[in-house]
Amino acid sequence: MSARRTDAHEARRRRENALPGELSLQEPGPIVRPYGDTTGDGMVQVSFTLPLPHDKRSEGAAVKLAMQMGIEPALLVHAKAIGKHFTFFVVYGPVKHLVDIREFQLVEREYELLSSKEVNAAIKKHLRRELVVVGACIGTDAHTVGIDAILNIKGFAGEKGLEYYRELDVHNLGAQVAIPDLVNAAVDLNADAVLVSQVVTQKDAHIHNTKAMSAAFREAFPAGKVPHLIVGGPRFEEGSAAALGVDRIFGRGTTPGEVASYLVHALVQPTAKGKRS
Ligand code: B12
């Protein structure tokens, strides 16, 4: 047996004998498929709701839908009526699809992560005043947990929120803030950055609200004086900032430290175009 074949044989033997916990220790990909019971078995679990009462016919419809999605055979593992007219389903089964992870372009973080001390020191040294941040949930969105995670002193994921930073002057306006009220607050407070949260995405509300917010700021402020506009929420595409008319988007799992470091990168470094610096 050649050396190359011995290696491949050994890799295969190790893969087949590995316990689930050990699999993560191996190099991933580059071509991967989902994993349920054994490596590469293609098993996925999907959940969805159909606008049908819970009966044999709707269960059949759920299985057929799953098969049309490429899950074959599709095993119905859970079905529960949601009121009289809807049913929630969970279906489990294998897909044949493969993913080549070399095909993706990753959006790399374009700034350095700083400690709170470094953030404060940079603002003090280069801005020589507090950096003013105004935050809110706009439209009808009442999901404040995300923006609070970033702004409130207690923070998120073991990091203190922006209110903890001595050199940041933080104003959290809370839930369901109308866009004109947000613009007025930004004018009154002379905001450097406006941080908006959008969690509800029904009928693309997050997209429409963000574009409307950006347009309102651009109308209210002279060109070049618009505060730095940042939106965040779990279902934004991080690469779509320009299309939505904002400077930066933050997605799922963002931590306060990332946002504080970004603010320094965008508004405070000697090379940055701070609005009032
Ligand atoms: C808690 C919760 C509520 C609470 C909110 C309480 C509160 N004060 O926030 C209550 C019960 C009020 C609620 C109500 C509703 N909810 Co709700 N809710 C949730 C739930 C369970 C958790 C959301 C949450 O707190 N996540 C934790 C935080 C920390 O995560 P995050 O928001 O993603 O924030 C992080 C990042 O996204 C980012 N981030 C977020 N914002 C920002 C902003 C900036 C500037 C930055 C930098 C970063 C950033 O940083 C954060 C930290 O990492 C989600 C389901 C889920 N598991 O996600 C549904 C969910 C969001 N709700 C949903 C719905 C439908 C509703 C209601 C419409 C239900 C109804 N029919 O009444 C109402 C709407 C109320 C309204 N007017 O907005 C849907 C939204 C579906 C959609 N496609 O839009 C979800 C997804 C549930 C579901 N699967 O159906 N909800």
Side-chain angles (χ1 to χ4, degrees), residues 34 44-52 62 65-66 68-71 78 80 82-83 85-91 95 97 99 104-110 133-152 155-157 161-162 172-183 185-186 193-219 226-256 258-259 262-263 266:
V44 297
Q45 181 165 296
V46 296
S47 64
F48 50 85
T49 303
L50 291 180
L52 293 170
L65 179 72
Q68 284 171 2
M69 289 192 277
I71 303 171
H78 180 71
K80 188 164 173 37
I82 307 175
H85 307 294
F86 297 86
T87 311
F88 175 72
F89 296 99
V90 179
V91 180
V95 292
H97 310 81
V99 176
F104 303 124
Q105 275 197 328
L106 296 182
V107 180
E108 300 286 351
R109 188 166 24 82
E110 73 279 26
V133 174
V134 175
C137 290
I138 58 168
T140 58
D141 205 328
H143 293 87
T144 48
V145 179
I147 189 79
D148 289 346
I150 303 300
L151 298 183
N152 284 4
F156 179 69
L162 300 194
N172 187 349
L173 307 186
Q176 299 190 328
V177 176
I179 291 171
D181 294 343
L182 179 63
V183 172
V194 173
L195 273 63
V196 160
S197 181
Q198 286 287 269
V199 174
V200 173
T201 58
Q202 287 162 333
K203 296 187 179 162
D204 277 345
H206 61 315
I207 306 280
H208 299 308
N209 287 340
T210 301
K211 286 182 173 171
M213 183 268 295
S214 167
F217 271 94
R218 287 170 210 291
E219 204 178 305
V226 181
H228 205 73
L229 300 180
I230 298 174
V231 290
R235 296 194 189 177
F236 277 108
E237 273 180 50
E238 292 199 17
S240 64
L244 300 186
V246 295
D247 296 294
R248 186 68 157 77
I249 291 176
F250 284 92
R252 268 183 307 122
T254 304
T255 66
E258 288 173 329
V259 180
Y262 171 77
L263 288 172

How long is the straight-line distance from [atom2] of [Y] back to [atom1] of [X], given to the nearest 0.5 Å?
{"X": "Leu151", "Y": "Asn172", "atom1": "CG", "atom2": "CG", "result": "5.0 Å"}
{"X": "Asn209", "Y": "Leu244", "atom1": "CG", "atom2": "CG", "result": "11.0 Å"}
{"X": "Thr255", "Y": "Ile150", "atom1": "OG1", "atom2": "CD1", "result": "6.5 Å"}
{"X": "Phe88", "Y": "Ser47", "atom1": "CZ", "atom2": "OG", "result": "4.0 Å"}
{"X": "Ile230", "Y": "Phe250", "atom1": "CD1", "atom2": "CZ", "result": "5.5 Å"}
{"X": "Leu229", "Y": "Phe217", "atom1": "CG", "atom2": "CZ", "result": "6.0 Å"}

Shortest non-hydrogen contact from [X] to [Y]?
{"X": "Pro256", "Y": "Gly155", "answer": "CG-CA, 4.4 Å"}
{"X": "Ala216", "Y": "Ile179", "answer": "CB-CG2, 3.5 Å"}
{"X": "Ala175", "Y": "Ala142", "answer": "CB-CA, 3.9 Å"}
{"X": "Gly70", "Y": "His97", "answer": "CA-CE1, 4.3 Å"}

**Q.** Qualifying side-chain hydrogen bond (donor to acceptor under 3.5 Å, both in side chains) pairs with a residue from residues 237-248, counting only residues at least two apart or across chains
**A.**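 side-chain hydrogen bond (donor to acceptor under 3.5 Å, both in side chains) check on residues 237-248 returns Glu110-Arg248.
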Side-chain donor/acceptor of [X] to backbone N/O of [Y], under 3.5 Å:
{"X": "Gln198", "Y": "Ile138", "answer": "yes"}
{"X": "Ser214", "Y": "Thr210", "answer": "no"}
{"X": "Asp141", "Y": "Cys137", "answer": "no"}

Q) So Lys80 and Thr87, side chain to side chain contact (heavy atoms under 4.5 Å, CB included) or not? Walk me through it. A) CA-CA 6 Å; Lys80 188 164 173 37; Thr87 311; 5.8 Å; no
Got a sec: does the [atom1] of [X] have more than 12 other heavy atoms crowding it under 6.0 Å?
{"X": "His85", "atom1": "NE2", "result": "no"}
{"X": "Arg218", "atom1": "CZ", "result": "yes"}
{"X": "Glu219", "atom1": "CD", "result": "no"}

Q | Qualifying residue for side-chain contact (heavy atoms from CB on, under 4.5 Å) with Val134, from Leu173, Leu195, Val177 | A | Leu173
Q) So do Val46 and Met69 actually touch side chain to side chain, heavy atoms under 4.5 Å? A)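 Met69 reaches Val46 side chain to side chain.
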Q: Report the C-alpha separation of Leu182 and Val194 in whole Å, then their side-chain angles, then the decisive distance to 0.1 Å, and conclude whether the side chain to side chain contact (heavy atoms under 4.5 Å, CB included) test is met.
A: CA-CA 9 Å; Leu182 179 63; Val194 173; 3.9 Å; yes
Q: Starting from the C-alpha separation in whole Å, work towards a yes-or-no answer on side chain to side chain contact (heavy atoms under 4.5 Å, CB included) for Phe86 and Leu52.
A: CA-CA 5 Å; Phe86 297 86; Leu52 293 170; over 6 Å; no
Q. Checking side chain to side chain contact (heavy atoms under 4.5 Å, CB included) for the pair Val231/Phe236: CA distance, chi angles, key distance, verdict?
A. CA-CA 9 Å; Val231 290; Phe236 277 108; 4.0 Å; yes
Q) Quick check, are the ring centers of Tyr262 and His228 under 6.0 angstrom apart? A) yes
